[in-house]
**Student:** 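Structure in structure tokens, see below.
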Amino acid sequence: MNHAEDRLHKSIWQQLQHLLPDDAVPQSFENRQNGPIEGRRRKERGCLPGWPDMGIVWNSRTYYIELKTATGRLNPAQKACHARLRAAGAPVAVCRSLEDVLYFLETHDVPLKGAVMA
């Protein structure tokens, strides 16, 4: 378990609750490794390895966000999954801060209800 990444995830999630438009639907996905039995159960249910950490549905489109710490790196499953999502036309970003997330959303014209003050 990467506690620094968990703290980043929680912090960004909390801020997005205040910043996203009211008609946006954010979702956080739990992809943690929990052993072979849970891994098999998830695979049988269609869970894909490497799925991004968050998705935000707004205006009939889903925006995917992979959260990483400053030193975190994508694993091969994440690289492959993100490539498939992009090939299907879905925007995907690797973000290392709230500012990265907000920039990604702003560049895709997702309106925000406020700004973050430094």
**Student:** I'd like to know if the side chain of Gln17 reaches the main chain of Trp13, judged simply by a donor and an acceptor atom lying under 3.5 Å from each other, with no hydrogens or angles considered.
**Tutor:** yes
**Student:** Assigning hydrophobic clusters by single linkage (Ile, Leu, Val, Met, Phe, Trp, Tyr; side-chain heavy-atom cutoff under 4.5 Å), is Tyr64 placed with Ile12?
**Tutor:**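 Per the 4.5 Å side-chain linkage, Tyr64 and Ile12 are not co-clustered.
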**Student:** Can you tell me how far CD1 of Ile65 sits from CD of Gln27, rounded to the nearest 0.5 angstrom?
**Tutor:**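 Between atom CD of Gln27 and atom CD1 of Ile65 there are 12.5 Å.
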**Student:** If you take all heavy atoms of Ile56 and Ala24, which pair is closest and at what distance?
**Tutor:** CG2-CB, 4.2 Å
**Student:** Could I get the full list of side-chain contact (heavy atoms from CB on, under 4.5 Å) partners for Asp23, not counting sequence neighbours?
**Tutor:** Pro21, Trp58
**Student:** Using the test salt bridge (charged side-chain N to carboxylate O under 4.0 Å, His left out), find all partners of Asp109 that sit at least two apart in sequence or belong to another chain.
**Tutor:**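 Checked Asp109 against salt bridge (charged side-chain N to carboxylate O under 4.0 Å, His left out); zero matches.
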**Student:** To the nearest 0.5 Å, how far apart are CG in Asp100 and CG in Leu8?
**Tutor:**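 Between atom CG of Asp100 and atom CG of Leu8 there are 9.0 Å.
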**Student:** Ignoring hydrogens, what is the shortest heavy-atom contact between Phe29 and Pro52? Give both atom names and the distance.
**Tutor:** CD1-O, 3.3 Å
**Student:** Are any non-hydrogen side-chain atoms of Gln15 and Val101 less than 4.5 angstrom apart?
**Tutor:** no
**Student:** Provide the full list of salt bridge (Lys or Arg N to Asp or Glu O under 4.0 Å) pairs with a residue in residues 8-19, sequence neighbours left out, each pair given once.
**Tutor:** none
**Student:** Would you mind listing every ring pair (Phe, Tyr, Trp, His ring centres under 6.0 Å) that reaches into residues 84-106, with sequence neighbours excluded?
**Tutor:**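 Passing the test, one end in residues 84-106: Phe104-His108.
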**Student:** Do Leu105 and Leu16 have side chains that approach each other closer than 4.5 Å (heavy atoms only, starting at C-beta)?
**Tutor:** yes
**Student:** Cut-off 3.5 Å, no hydrogens considered: what does the side-chain donor-acceptor table look like for residues 77-86, sequence neighbours left out?
**Tutor:**
{"unit_1": "Gln78", "atom_1": "OE1", "unit_2": "Lys68", "atom_2": "NZ", "d": "3.2"}
{"unit_1": "Gln78", "atom_1": "OE1", "unit_2": "Asn75", "atom_2": "N", "d": "2.9"}
{"unit_1": "Gln78", "atom_1": "NE2", "unit_2": "Glu66", "atom_2": "OE2", "d": "3.0"}
{"unit_1": "His82", "atom_1": "NE2", "unit_2": "Gly50", "atom_2": "O", "d": "3.4"}
{"unit_1": "His82", "atom_1": "NE2", "unit_2": "Glu66", "atom_2": "OE1", "d": "3.2"}
{"unit_1": "Arg86", "atom_1": "NH2", "unit_2": "Val92", "atom_2": "O", "d": "3.1"}

**Student:** Kindly compute the distance separating CG (Leu67) from OG (Ser97), expressed to the nearest 0.5 Å.
**Tutor:** 9.5 Å
**Student:** Within this structure, what is the CD-CZ distance for the pair Glu5 and Arg96, rounded to the nearest 0.5 Å?
**Tutor:**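 Rounded to the nearest 0.5 Å, the CD-CZ separation comes to 9.0 Å.
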**Student:** Starting from Val94 and following side-chain heavy-atom contacts under 4.5 Å between hydrophobic residues (I, L, V, M, F, W, Y), which residues can be reached?
**Tutor:**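 Val94 shares its hydrophobic cluster with Leu74.
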**Student:** Taking side-chain contact (heavy atoms from CB on, under 4.5 Å) as the criterion, tell me which of Leu20, Leu19, Asp22 meets it with Lys113.
**Tutor:** Asp22
**Student:** Enter the distance from Arg41:CZ to Arg45:CZ here, rounded to the nearest 0.5 Å.
**Tutor:** 4.5 Å
